[in-house]
Amino acid sequence: MRAEVLIDWFDEHGRDLPWREPECTGWGVLVSEIMLQQTPVARVLPIWQEWLKRWPVPSALAAESQGEVVRAWGKLGYPRRALRLHAAAAEIAEKHGDVVPSDVDTLLALPGIGAYTARAIVAFAYGKRAPVVDTNVRRVVARAVHGAGDAGPPSNTRDMADVEKFLPAQDAPAAKFSAALMELGALICTAKSQRCADCPLYADCAWQKAGRPAYAGPAKAVQKFAGTDRQVRGLLLDVLRGTEGPVEQAKLDLVWHDAGQRSRCLDSLLVDGLLEQTRDGLFALPGEH
DNA sequence: TATTCGTGGAA
DNA sequence: TTTCCAAGAAT
């Protein structure tokens, strides 16, 4: 894999996303990375714009109530991310002078920031060299390098070692290479309907040379949604998002027929801190009563 | 390592 | 209509 070829392609075809603008702060990049975990760019864009305008620095978000942050998270999904981002903002404000850390280990210590996000921030916010491995990168490497139809089960150590081999030595080109690799997976080397005719790596892609064989690894578990606790939790939380103050349990009872599952999900939301119960037994978003 | 955690658009 | 999947993290 030629880094230079990929970088040239990125310069010409990469999307103009606001968190890629030179004036975007480390905080802006951090917020984008958290929001983009498992959520498509198109849905993140308007919420990100709103958040950065409303809370331009970590301390601003930290000063907000948890409930308001959960409400502003809207329907991006996986709302525990909103609580973790709120907690990370507080920690950055208190311990790091309101500046997003620029080294992997410090970032990894923050809530909601794992192996991918820590390195993405280091690379994209600070232009430093770090192996950034997400689902796009894993797929591109699986195809272009290993000649497989798709990536097998993740192994962070092995996946990062794969990328490390191709990562340019200098900071700036390495950071751009990382962005380019992800972008290729997002725009060209997609999970389905690949656009191989437009791929800058076409000439020496191992998958092409092998005749583009289908994925041969272990079957990937497809996540169900309808009828799961995730759906019920989402329905329950949505009632609170759309309401000003606390609500009675009777109001929540309307969203799902199975009382046992409803109760279990309500409990789990309380445990997660996404909901709280008031002294009168009403339910509210955290910190809003 | 395998599960769990939302949501909505596209094929 | 159903199925797939979209910049993962925590446990």
Side-chain angles (χ1 to χ4, degrees), chain A residues 10 14-15 17-20 28-48 70 73-85 87-88 107-125 130-140 150-160 163 175 178-187 189-194 215 217-241 255-256 264-265 267-269 271-274:
Chain A
F10 182 66
R15 292 166 292 182
L17 300 170
W19 43 83
R20 286 178 178 166
V29 172
L30 189 158
V31 171
S32 80
E33 291 301 340
I34 301 293
M35 288 183 171
L36 287 164
Q37 292 168 0
Q38 303 287 281
T39 302
V41 169
R43 281 169 52 203
V44 166
L45 273 169
I47 307 294
W48 183 89
V70 169
W73 188 258
K75 308 197 80 168
L76 286 181
Y78 296 139
R80 292 182 300 180
R81 288 183 293 167
L83 291 181
R84 293 180 184 137
L85 181 48
L107 286 163
L108 282 174
L110 295 171
I113 296 185
Y116 160 77
T117 303
R119 291 172 179 80
I121 291 168
V122 162
F124 305 147
V132 178
V133 178
D134 76 328
T135 184
N136 290 306
V137 171
R138 282 169 28 73
R139 184 174 55 250
V140 172
D150 198 358
S155 162
N156 193 258
T157 305
R158 179 170 47 71
D159 295 338
M160 288 202 298
V163 170
S178 295
L181 204 51
M182 287 179 60
E183 192 76 338
L184 189 74
L187 299 183
C189 195
T190 50
K192 38 172 60 175
S193 307
Q194 312 81 21
Y215 173 66
K220 307 188 175 188
V222 285
Q223 279 204 88
K224 292 299 178 190
F225 180 65
T228 63
D229 285 2
R230 287 204 323 292
Q231 180 184 19
V232 177
R233 283 166 54 104
L235 291 171
L236 290 169
L237 200 58
D238 200 38
V239 172
L240 275 298
R241 273 195 301 258
V255 304
W256 196 250
R264 179 174 71 240
C265 290
D267 283 344
S268 73
L269 286 170
V271 168
D272 288 346
L274 284 165

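Any value given below was found using the heavy atoms of this structure, including those in side chains, with hydrogens, waters and symmetry copies removed. Note that this is a predicted model, so its numbers are computed, not measured. In what follows, every chain begins at residue 1, and chains take the letters A, B, ... in the order their sequences are listed.
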P spacing across the pair dA7(C) / dA11(B), given as an integer number of angstrom
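The same atom, P, in both gives a distance of 15 Å.
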Distance, P atom - from dT11(C) to dG6(B), rounded to whole angstrom:
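Result for the P pair: 14 Å, nearest Å.
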Contacts of [X] that satisfy side-chain hydrogen bond (donor to acceptor under 3.5 Å, both in side chains) - sequence neighbours left out:
X         : value
Asp267(A) : none
Arg15(A)  : Glu183(A)
Arg138(A) : Asp159(A)

Test ring-ring contact (aromatic ring centres under 6.0 Å, His included) applied to Trp19(A) - qualifying residues, sequence neighbours left out
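Expected list: Trp48(A).
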Pairwise 5' ranking along DNA chain B for Pro154(A) and Arg233(A), keeping only the more 5' one
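Checking each residue's closest nucleotide, the 5'-ward one belongs to Pro154(A).
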Consider salt bridge (Lys or Arg N to Asp or Glu O under 4.0 Å). Of Arg84(A), Arg233(A), Arg81(A), which one does Asp272(A) pass it with?
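Passing option: Arg233(A).
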Listing, residues 219-228 of chain A side-chain donor-acceptor contacts under 3.5 Å, not counting sequence neighbours, or none:
| unit_1 | atom_1 | unit_2 | atom_2 | d |
| --- | --- | --- | --- | --- |
| Lys220(A) | NZ | Asp150(A) | OD2 | 3.3 |
| Lys220(A) | NZ | Ala151(A) | O | 2.7 |
| Thr228(A) | OG1 | Phe225(A) | O | 2.6 |
| Thr228(A) | OG1 | Arg230(A) | N | 3.4 |
| Thr228(A) | OG1 | Gln231(A) | N | 3.4 |

Per-nt protein contacts along nucleotides 4-11 of chain C (heavy atom under 4.0 Å; B base, S backbone sugar-phosphate only, - none) come out as S-BBBSS-
Nearest-Å distance for atom pair [atom1]/[atom2], residues [X] and [N]:
X         : N      : atom1 : atom2 : result
Ile47(A)  : dT7(B) : CD1   : C1'   : 12 Å
Leu269(A) : dT4(B) : CG    : P     : 16 Å
Phe225(A) : dG9(B) : CZ    : C1'   : 14 Å
Met35(A)  : dG6(B) : CE    : P     : 16 Å
Lys75(A)  : dT7(B) : NZ    : P     : 6 Å
Leu83(A)  : dG6(B) : CG    : C1'   : 14 Å

Base, sugar-phosphate alone, or nothing: which one does Pro153(A) contact when heavy atoms must sit under 4.0 Å apart?
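Since no nucleic acid heavy atom lies under 4.0 Å of Pro153(A), the category is nothing.
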